[in-house]
Amino acid sequence: MDKKELIRLAFEAREKAYVPYSHFSVGAALLAKDGRVFTGCNIESASYTPTQCAERTALGKAVSEGAREFSMLAVVGAKQGERNTLVTSPCGVCRQMLYEFCSPHMPIIMAKSEDDYVEMTLGQLLPLGFGPLNLQ
Ligand code: THU
């Protein structure tokens with residue numbers, strides 16, 4: 001599974017986004033160390049607060065299917081019906097949830113297209129993150 005393919009899967013997942021309020025569609029594709037890919041889209045709520053980001057949809061699907069180790073994440077986002085407009089980076093809540101299961105060295109690919117993306121590690125996005133090791 002290369003970066004381009006993971007980005008492509010994130011774009012595919014984005015098509016399922018349920019975004020009647022923000023009209024901003026996000027897709028994520030999370031590669032597990034066992035080779036499986038878990039995709040997710042954002043799912044909004046009329047009461048706004050329970051809105052679930054694409055990254056946490058993907059992570060929840062993965063953990064509920066028994067995957068807990070991950071090697072890469074791709075995220076794509078843009079206004080509904082548009083493409084390639086912005087680099088979308090995981091929100092703070094998603095960074096924290098990713099930190100629960102993923103290494104700070106894990107690459108996160110924030111893509112505008114399969115060939116145009118920003119790559120940073122989780123540790124760069126959440127420096128000095130508080131995680132499971134802090135409670136040991
Ligand atoms: N959103 C995501 O799904 N992931 C991100 O990384 C940033 C924000 C969603 C939440 C909400 O449905 C919409 O984008 C606008 O904030």
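All heavy atoms count here, side chains included; hydrogens, waters and symmetry mates do not. Both ligands and their constituent atoms are indexed starting at 1 by order of listing.
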Sub-4.0 Å heavy-atom approach of [X] to ligand 1:
X   : result
P90 : yes
G77 : no
V75 : no

Should the ring pair F101 and F70 be called parallel, tilted or perpendicular, given that the plane angle runs from 0 to 90° and is split at 30 and 60?
-> perpendicular
Number the atoms of ligand 1 from 1 as they appear, then name those within less than 4.0 Å of a heavy atom of [X], with their elements.
X   : value
C91 : 6 (O)
E44 : 11 (C), 12 (O), 13 (C)
F24 : 14 (O)
S22 : 13 (C), 15 (C)

Winner among A28, A54, S89 once heavy atoms are compared against atom 7 (C) of ligand 1 | S89
Go through the steps to decide whether Y117 and K112 satisfy the test side-chain contact (heavy atoms from CB on, under 4.5 Å), and finish with yes or no.
-> CA-CA 6 Å; Y117 54 81; K112 294 169 83 168; over 6 Å; no
Is [Y] close to [X] at the side-chain level, that is, under 4.5 Å between some pair of heavy atoms?
X    : Y    : answer
R14  : C41  : no
T88  : M110 : no
I108 : M120 : no

If you measure every N/O of [X] against every N/O of ligand 1, is any gap under 3.5 Å?
X   : result
E55 : yes
Q52 : no
V26 : no
T88 : no

Given side-chain contact (heavy atoms from CB on, under 4.5 Å), test I109 with I7 step by step and report yes or no.
-> CA-CA 8 Å; I109 316 295; I7 293 167; 3.7 Å; yes
Would you say the side-chain atoms of S113 and R83 include a donor-acceptor pair closer than 3.5 Å?
-> no
Say whether T39 and E12, considering side chains only, have a donor N or O and an acceptor N or O under 3.5 Å apart.
-> no
To which protein heavy atom is atom 9 (C) of ligand 1 closest, and what is the distance rounded to 0.1 Å?
-> N42 ND2, 3.4 Å
Return the residue, atom name and 0.1 Å-rounded distance of the protein heavy atom closest to atom 8 (C) of ligand 1.
-> C53 SG, 4.1 Å
